[in-house]
Every structure is written in structure tokens, then in C-alpha cells.
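Written out below as C-alpha cells is the structure these notes cover.
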Amino acid sequence: MQTHKTGFISSCKAFVRDPFRMFGIVSVVVLLLLTIAPAKDYLSEWHGYQRQYLNFIRNRGDAITLRRHFVGGIHQIWIPQLDVVDRCETCHVGLTEASLADVKEQPFRAHPVMPHKLTEFGCVICHRGQGAATTVNEAHHSKMAGEEPILPARYMESSCGQCHQGPLEGTPKLNRGRVMLSRYGCVSCHSISLPDGTKLEATDNPPPLSHIADKTTREWIYAWLKDPTSYSPSATMPNFGLSDADASDISAFLIANSVPQPGDQIALPAQGHGPEPDPAAGASLYGESFCASCHATQNAAGNLVGGDLGPELTNVGTKVKPEWLLGWMRDPQKYDPSTPMPQYRWTDAQLKVIAGYVQSKSNPDLLANVHLAPATRAQIAHGKQLVTEYGCASCHEIRGVPKPDNFGPNLSRIGSKPVVQLVFLPDMEHSLPAYLTQKIREPRSFGSTFRMPRYNFTPSQVEAVTTALLSLTDRSYSLPLSLQVPGMRETKYQPAGQAGQIMTNLNCLSCHRINGHGGDMAPDLSWEGSSVQRQWLDEFLKNPNTLRPALIRRMPKFNLTDAERTTLTDYMMTVYQTSSFQRDEMPLTGYTPEQIEKGRQLFYSKYACQSCHMVNPNEDKGYIGPTLTKVGARLNAAWIFHYLKDPQAMRPGTIEPNQHMSDDDARALTAFLMAQKTGAGQGAK
Amino acid sequence: MQANPWIAGMLAVTVCAGCAHRQGAAPALKAKAAGTAIVVVSGDKQLGFTGALLAQPLVVQVNDDQGNAVPGALVAVTGPHGVAVDPAQVLTDDNGQATIKVNSRGSSGRYEVTAMSQDAHGKTFTLAVAEYAAGYQEEVGSEVNGKYCSRCHDSESTTEQVSNYDNLAVKPHSFASGDVYNKFSDADLTNIIARGGPAMNRSALMPPYGWTLNKAEIQAAIAYIRLVSDPPYAAPGVVYAKH
């Protein structure tokens, strides 16, 4: 050791004594030091990718073009007002090269077609990640607080939802998820408000439970609470994972807490006190009344057939009491004022038949094993405590239990929740999408004391809800107001006056949309007065015949009195008109045979309307669109003309293509269609 | 220093064990019976979002040379890179069928899952099942298809959606018929969709959608048509120069 040290010191001394040698060595060291910066630059990750890119395009047919477009160095998109500094293009070199769309491997693939320009929004607004970073690790993953990992592609639609608050054609998954947040009552417990200040509202319409003992039995409530899907696979009620004792106590409380509804038990004429089973007549009345438009039943193969606006009726006889069912069918709004079910105005005889038929849809096996001992006072008290703890009153109206405010955490900004604030399960991917997915799929896997219930969602439904939640970001609040695209908000429109009362009673808005409020099952009626002729509307309300043969959801027949019908017709013809044209600006009759003949030729050859519509019932077959055999007696000429010119302007979302028709063509077709008054195919070939 | 053979041996064993562990070697199943052919029962040609589990599992059946189902035959399933199959090895059940969950590929396009089994003489026979992984564009395209196209182009009627196929004087082609659509370039298809059949000398029963759908939606519809086409569509792509 000693020898080493003295050797080193003596060589140092020799070095200092020899200035030439010193100069030489110092120069070499300085030179080496000077190469560090360029070498570091050359060996950097992004430089490697750019070299790889040049190598990659070298042998392609489009190499010359690509080489000409290539500029080395760090590239960035800088948009100060959006707080965007994105250097992603430094490695993703071919992002804007259309000819690289066929490349499968990243990072050289061209960006797929998108509605926005890269230079307008940059990358991280949609993809998340750290745009300013120049290494893959730093850009794609989050290490420090405030950093976001790259958003997996399957949730990409959530990014559109930061600006676009309404449904978009290009974001099917996001649209589905947003509907589900309301449809499954998520927003009853978790309040979600949007940047424009509106609050999402539940659309699941849960029944009130204050008079539940009139409607059903404690045994049914118990079985339903234990597993809603065993009664109805399509139930929107989630599973709370209750123990037998808890379910028994809650059912005891709900029954004990229920008060009879005044006048709920209706007295029927002398013979027979309840519904009478008459299967044939019942089935036909059930069909005529188009109950299946809203209510589903399971067919023999076990598939659900029917709409989902009302509850599934496969086993409804096991649930409801016959007296209640009769009262409900006579006037549903008496039991539940907010029900979407219309008052059908059935006669007493019809009531018995339809109620008897519905009551017969039962499955006694469901409750065969439910035997509950009479409830004690303590059980009832415990039931009430559970009802409060689980927040049942967030959705259902329950006598004596106030609706809790903000029962679950507010989710208005859940899409920006930092990963460090989340508690993950062992072996779970540490990312927000993974957390949300697990939380929706199995909420209790995070701990048995959690109150959130489990929904019976398919994987694609879980993905849709996760996408909708991920769109609720901090950024959606910080974006400039000019970028906010508000959705079409549901208005509070209610028809007024006497007609309004009839329409509320018939619940027209459950299926039809008017002035921005209502369902989407049936046509929008906002401009119905401009569209149809008065006499046809009156006839239609008397006996709704089918306009679209391919549709299975149809308008039911309500037993309206003449006076009610006149009131409705008058109101609709007067109030529901468009301001874009005059109803009588074109005549209903008096078109020349030449015009009609020209229209016929256009109809059958140039526009080939017969592929979807029928004019001549003997020749034409198309049944995607409404039958046009008597269209001249149904629609106004001006409506037909303007509809042909721009279908989507008259009926937003219709699948009738805009044919970009000239005025002359549209006028001739209108003449031809207006000639179709009796259904004999006038002027048709 | 010379390497200690003991240590080297131990290292090799550990590495091998590590490899085996990483590949998740399932406990080897033993075939109880053998068939001669595999057929698809259900779950083929499904459209799934990239990286997501297919909605329906893949069900295959092993048959003997009489065409009878063989219970207890060993089926091994493999997918291309990025496709997860669960389980990778399975014995057919009492009905001679095996049910396999398939997790779609991460990049969009058509891919094939291969099911293998061996006959009594140890000869391997296979079945290739095509599935489709839909990226964002194909997903949007399938929505466009469902709303505007399938009423006529899909000849199958369901209770929810009745097909118009039978009512048309000139029958539209199913989007799966690759031998028809593969002949059209993207520009040709855009033309037909946007300007109607007559734009490409086809039937006027195909109406123009260029004033109803926007450009991105038409491109999405074409991406969807290309995805489900059978035989698969090969994009003209770029010509590679020879070295």
C-alpha cells in the first residue's frame, strides 16, 4: 500500500515538472469533456427512435416523400391557452404521415383519422401523460404527484367527453356509459355535476315504498333484496349482498312502515272480486295494448323480449297482490305519481281480463323456500337502521326516512383523481381505470364494510361506465369556455291546459319527445301539427294503425272519448308547429298528371324510394320506412317537400338519407306522394 | 478462476424453473379419449373491442370419424401474440365440447385462434377460428352499420330488427363477402356510400349518404367493412424496394 502511494505521488511530481506532458494530458481530458454533451444527445432515447425511423422508412416505396418530410430534433406542439406543451411527435415521427396508416408497430404509426387537428389540441388532452417529457418512461407513466399515466386506448372516448357534454356520433361507448349513470341510478347516491353547472339526474324511476304492503308481500321483498336478478334478470336494482337476517329485518320494516293508500283498494262490480283468468282474451288484450313496448317477458328460450321502460313482467304474478294490480291498472298515477305508465282507460271488463292475464305470469317456486317468522319490534327497528345505513331512501321514497344528501362521494371530478389517493387491492394494476373497473364490478372486494351495491353489468357495460366516469376531469373545468360544447339538456316542458292534463294522464312524454322533453321510443311530436293533416290525426288517435311495419314498438290504443280526442287534436294542430315553413304553403290537392308522373319516375328510378317505402301495396315491398300508400291523406304537402329537402332538419337522427334533391325533384315527388290518398297506388306503376 | 460446475448447474436449474414459472405451465392434462376433427360450435367471427374479452366464449367440439362428439379429448388453444386464451388446455366435457374465453388482440384487425387436438395415433389436427378485433374506428363503423346499413345488407331478421333484404329487387351484398368488397378501393367505397350506387354503376337502391354521414363516419364504415371481410382484405399498402 505504502509503495503504491509513494509511486502515485512521485508520478504526480514528475507530471507537474513536465509542462508539455501536462498540456497534452489536460487537452485530452478537456476534449473528452467536450464530447459528453453531443454524445449524451446522440445516445438519448428520442434520438434513437429517430434513427430507427430513418432506418424503418429506408426500404419503403414512399421513402423519398417520408425522408423529405423528416426533420430531426425535438418537436413540440405549444398551445399556451390550453396549457399544452407536447413533444410526443419527437418519437412518434410518422404521426401525420397518411401513408404510414398501415404500420402496426409503434411509435411510427400514423394517427388514425380524427375530427380535430393535431396542432389544435396536441396529444395529452386526449391521451393524458406528460407531454413535455422526452423519455418514454417519463411521458407515459406517472411517478410524481400531479402526473398522469397514458390513458388506455379502450377508454379514449372519455377524452371527447371533456368538452362535448352531449352525445356524439363518434363516441358510442361514452354515450352508453353516460346514459347508464342515470339509468341505473348511480347519480342518486353520487352527485355528478357538469362544468356548465347542470346536475345529472336519475332516470330509473324507482317505485315509492311508503305503501308497499298494498302491493306485495314481505316474502317477495325478502327474496328481491337477497337477489333481484333471481326474480328478474333485467332488474336495475343492484345486489346489496345482505345477510338472511338483514334482508328479513329490512322486509319487516318496510311492511310495518307501509300505510294503506287511501282509495287504493278498488271495489269491483259484484261478480268476482279479483282478476279473472281468461288466457286467450288476456293475451290478445296484452298484445293489442302493446304492453311489450315497455315491458319485457322471457320467452320459451329464456330470452327477454320487449322494452325496458317498465319492469320485466315474467314473474310479476308472484310479486303483486291482485287487488293492487287492478287498482294500478285503472290509474297507475294514483299509486306512483311519477310513473311513466299511461292510464289506459280500460273498461271494467277489460281491466279484469288484462289484470288476470298479468297476474297469471307467476312462478311460485321463487318464494317456495322463503319462510319468515313474524317480525319482532327489535327486528323492525334494526330494519329501519339498515335502511338508513344503506341509503335506500336515496332512490326510493320511504315514509319516515328522509332522502340523504350526498350519500356517496361526489364524482364530478373522478376522472382526475390522483392514483396516490386510491387504495388498491394486492395484485391490482395501479391505475385509475383499473380501480374504477374493479369498483364497479365488485365494490365489496375493497372491504366488506363498503355500502356500495353490486350491479349485474356485463364487461362492456362496466367499460362504458368507466369511460363515462373518466370523462369527468379537472381539465373539463379549466378548458376555455369557447371549447365547451354543451349537450342537449332535457327541458322541463309540460303541455298546458286541458290537453296538457290528458297528455299527462296518458303519459305521452314517456315515449314521445316534445320541445326537448320526453322519451325516444316514438317520434318527436314538437312539429306534429305542421306534419300531419287534422282528420288523419283524429282518426289515428281513435284507432292507431301501424305506420312502420318493421317496428315492434307501437302506439297503444287508449279508449279516448270523442271530447278528449278533439281537445288533443286541436291542441296539437295549433301548438306543435315549426316556424321554418307555413303548413299550407303548398296545396293538398290539384297537382297535374305530368307532375305526378314525373314524381313517380323519380320515386321508382332515380331515388329508388321503393327499397324502403311502399306506395303500391301490390308491387312495392320495402318496409324500413313508413308505409306511404295513403300518405296523401296523412301528411301536409309542405312538410313532405321540406322533409325531402333535408330529412335530418325535420326529424333529427332519422335514417332517411338526405338525397340533396333539387327543388324541382322534391316538388314532383311531393305531387306524386300527395296523390296517394286511398291506398290504391294512384299513379304508381 | 474456474467455474464451479455445481453452481453452474444450480443456476441452469433456477433459470429453467423461472422460465417455466413465467410461462405459467399448467398442470399437464392427459387426454382420456381422442377424436379426428375439431369443429366450431359457437363464438367464431366475433367482433370484440381491442384488448377486451369477447362477449361470447369460443366453443369447439371434438368429433370422431363418425362425426360423434368425443368427451375427454384434450384441446390445446393458442392465439397470436397479444391474444390471451383461458384455459390454454382443456378436456372436452360430456358433450364433447370445450369452452374457451378469448381476450381480443390489442391492435385492430382479423386474427385466428387455433385449436389443436391429437387423434389416437398421435397425429395432430387443428382448427383455425377467425375473430375480429375492432379498434375505435371499426367500433364506430359497426355503430354506423347497425343504424344505417344492416337493415338491407344483413339478410338475417331478428325480433328487434326486421331485415329488408328480401324486399329488394337487387340484393345487396353482405359485408362479409370479401370477394365482392375487396375489389373496391377505399375511394370506390367512399364514392358508393357518399354518392349512392349509381355513382359506381351499381343499383340505385343504394341511396347516397354523403349528405347524411360525415367523412369520418364513412371512413369508419369502410374500416368496419374491411375488418369483417372474408376472405380478409389486404390493403394495397406500399411497395417495398428490393435490397
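Lettering of chains follows the sequences in order, A, B, ..., and the numbering in each one begins at 1. Quick note: numbers below take in every heavy atom, side chains included, and nothing from hydrogens, waters or symmetry partners.
One distance of note links SG of A:Cys609 with CG of B:Leu205; it measures 10.5 Å at 0.5 Å rounding. B:Phe49 CZ to A:Arg154 CZ: the interatomic distance, rounded to the nearest 0.5 Å, is 8.5 Å. Once rounded to the nearest 0.5 Å, the distance linking CD of B:Glu139 with NZ of A:Lys173 reads 6.0 Å. Between the SG atom in A:Cys612 and the CG atom in B:Leu168 there is a gap of 7.5 Å [rounded to 0.5 Å]. Within the model, atoms CD of A:Glu656 and OH of B:Tyr148 stand 11.5 Å from one another, a figure rounded to the nearest 0.5 Å.
Interface remark: B:Ser157 contributes no atoms to any contact with chain A (heavy atom separation under 4.5 Å).
Side-chain contact between B:Asn164 and A:Lys621: absent, with no pair of heavy atoms (C-beta onward) separated by less than 4.5 Å. Here the side chains of A:Pro172 and B:Val140 are in contact, with some heavy-atom distance below 4.5 Å.
Across all their heavy atoms, B:Tyr209 and A:Pro657 have their closest contact at CE2-CB, 3.6 Å. Across all their heavy atoms, A:Gln648 and B:Thr212 have their closest contact at NE2-CG2, 3.3 Å. Listed here is the closest heavy atom pair of B:Ala204 and A:Ser605: CB-O, 3.6 Å.
With chain A as partner, the option from B:Arg195, B:Lys215, B:Lys147, B:Gln219 having the largest number of non-hydrogen pairs under 4.5 angstrom is B:Lys147.
Looking at B:Tyr136, its side chain never comes within 3.5 Å of a backbone N or O of A:Glu157 through a donor-acceptor pair.
With a 6.0 Å radius and a threshold of 12 heavy atoms from other residues, nucleotides or ligands, A:His660 has its NE2 atom at or below the threshold. No more than 12 heavy atoms of other residues, nucleotides or ligands shown are found within 6.0 angstrom of CD on B:Glu156. No more than 12 heavy-atom neighbours from other residues, nucleotides or ligands sit within 6.0 angstrom of CG on A:Asp520.
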